[in-house]
Amino acid sequence: NSLTDITFSNVSAEMDTEYLFLQYNNIQKLADDSLEYFIFLKVLHLEHNKLKTIPKDLLMHCHFISEIYLNDNLLTDLNFLGSIGTINLLFLHNNNFSEIPNATLTEIGNFDYLTMLTMRGNPWNCKCEAISFKQWLLNNSQVVTDIDLIKCNGTTLIKIPDDKLPCVKHNVEKEYVTIVSVVSSA
């Protein structure tokens, strides 16, 4: 296929579709309501497309979603995660993630049903901020199945000592100003 856009304009009622296969296309963008009528959707295949972002409310109506395949896209953020509490499998490898905010990592860690998460093949930030990501990976190693393949500059992130992840330290010299008070007696 070579789909670049998905629109279900002919749909006017809930669909009982459980599996949606849209992988290996050229989809670059999705609308918030693209999956509005797929309330019974369990498995979504969007891998191998050209998606840069996923709309925040894309999965809002998909209350039974358990598997999401987003690998091999161009994704840089995970703003859509708030609406997928039933997720079991989440494939995010081979995208453009350089870092994931701590709040998002906490959110992922709180998914009760998540059993498999892949994150390898992304251009991860190898600076000081990676220390908290590395710790999160270690704490969630039972779920992150490709933990040994997540690399920073070619080295497995969890094997890099924290002191080798460069932190920029701002050395601020304090300037002291002496205020001289002149009291005049008139």
Of all heavy-atom pairs linking P166 and C126, the shortest is CD-O, 3.3 Å

Value for SG (C152) from CD1 (I158), rounded to nearest 0.5 Å, stands at 11.5 Å

Report the distance from atom CD1 of I87 to atom CD of E67, rounding to the nearest 0.5 Å.
-> 7.5 Å

Verify the cluster assignment for L92 and L157: are they in a single hydrophobic cluster under the rule of side-chain heavy atoms below 4.5 Å apart?
-> yes

T104/D77 under side chain to side chain contact (heavy atoms under 4.5 Å, CB included): CA gap, chis, key distance, verdict | CA-CA 9 Å; T104 304; D77 67 62; over 6 Å; no

Hydrophobic cluster partners of F64 (side-chain heavy atoms under 4.5 Å) | I39, F40

Would you check if the side chain of K134 reaches a backbone N or O of I160 as a donor-acceptor pair within less than 3.5 Å?
-> yes

Under a single-linkage definition using a 4.5 Å side-chain heavy-atom cutoff for Ile, Leu, Val, Met, Phe, Trp and Tyr, are L3 and L35 assigned to the same hydrophobic cluster?
-> yes

Is there a donor-acceptor pair under 3.5 Å between the side chain of N88 and the backbone N or O of T115?
-> no

Using the side chain to side chain contact (heavy atoms under 4.5 Å, CB included) rule, take T4 and N25 through it: C-alpha gap first, then chi angles, then the decisive distance, then the call.
-> CA-CA 7 Å; T4 57; N25 281 289; over 6 Å; no

Calculate, to the nearest 0.5 Å, the distance between atoms CG and OG1 belonging to L89 and T118 respectively.
-> 9.5 Å

Would you sort out whether I27 and L51 count as a side chain to side chain contact (heavy atoms under 4.5 Å, CB included), showing the intermediate values?
-> CA-CA 6 Å; I27 300 170; L51 292 166; 3.8 Å; yes

How close do F111 and L81 get, heavy atom to heavy atom, and via which atoms?
-> CZ-O, 3.5 Å

Please answer whether the main-chain N or O of N153 pairs with a side-chain N or O of W124 as donor and acceptor at a distance below 3.5 Å.
-> no

Can you tell me if D72 uses its side chain to pair, donor with acceptor, with the backbone of E47 under 3.5 Å?
-> no

Are the side chain of T86 and the backbone of I65 linked by a donor-acceptor contact shorter than 3.5 Å?
-> yes

Whether F133 and W136 hold their rings parallel, tilted or perpendicular, with breakpoints at 30° and 60° = parallel

Between Y24 and H48, is any side-chain donor less than 3.5 angstrom from a side-chain acceptor?
-> yes

Report yes or no: do N102 and S132 form a side-chain donor-acceptor pair below 3.5 Å?
-> yes

Is it true that Y69 and L59 fall in one hydrophobic cluster, defined by side-chain heavy atoms closer than 4.5 Å?
-> no

Quick one: are I108 and L117 in side-chain contact, heavy atoms under 4.5 Å?
-> yes

Nearest-0.5 Å distance, NZ of residue K164 to CD1 of residue I131 = 12.5 Å

Ignoring hydrogens and angles, state whether a donor on the side chain of N73 or N49 is under 3.5 Å from an acceptor on the partner side chain.
-> no

Approximate separation, where rounding is to 0.5 Å, of D57 CG and N79 CG = 11.0 Å

Pair K159 + D148, salt bridge at N-O below 4.0 Å | no

If you take all heavy atoms of R120 and D146, which pair is closest and at what distance?
-> N-OD2, 2.8 Å

Between L30 and M15, is there a shared hydrophobic cluster once you connect ILVMFWY residues whose side-chain heavy atoms come closer than 4.5 Å?
-> yes

Residues, nucleotides or ligands: over 12 heavy atoms within 6.0 Å of F21 CZ = yes

With a cut-off of 6.0 Å (strictly less than), are more than 12 heavy atoms of other residues, nucleotides or ligands near NZ of K151?
-> yes

Any donor and acceptor pair, going by atom type alone, linking the side chain of N122 with main-chain N or O of N95 inside 3.5 Å?
-> yes

Shortest non-hydrogen separation from K56 to D32 and the atoms involved = N-OD1, 3.9 Å

Heavy-atom nearest pair, L41 first then V43, reads CD1-O, 3.5 Å

Drop me the distance from C62's SG to E36's CD, to the nearest 0.5 angstrom.
-> 10.0 Å

Scanning both residues in full, the closest heavy-atom pair of K127 with L165 reads O-CB, 3.7 Å

Taking side chain as C-beta onward, heavy atoms only, is F91 less than 4.5 Å from I68?
-> no

Going through the checks in order, is the side chain to side chain contact (heavy atoms under 4.5 Å, CB included) test met by D112 and L114?
-> CA-CA 6 Å; D112 293 335; L114 188 63; over 6 Å; no

Spell out, yes or no, whether Y113 and M116 are grouped together once hydrophobic residues are joined by side-chain heavy atoms under 4.5 Å, including indirect joins.
-> no

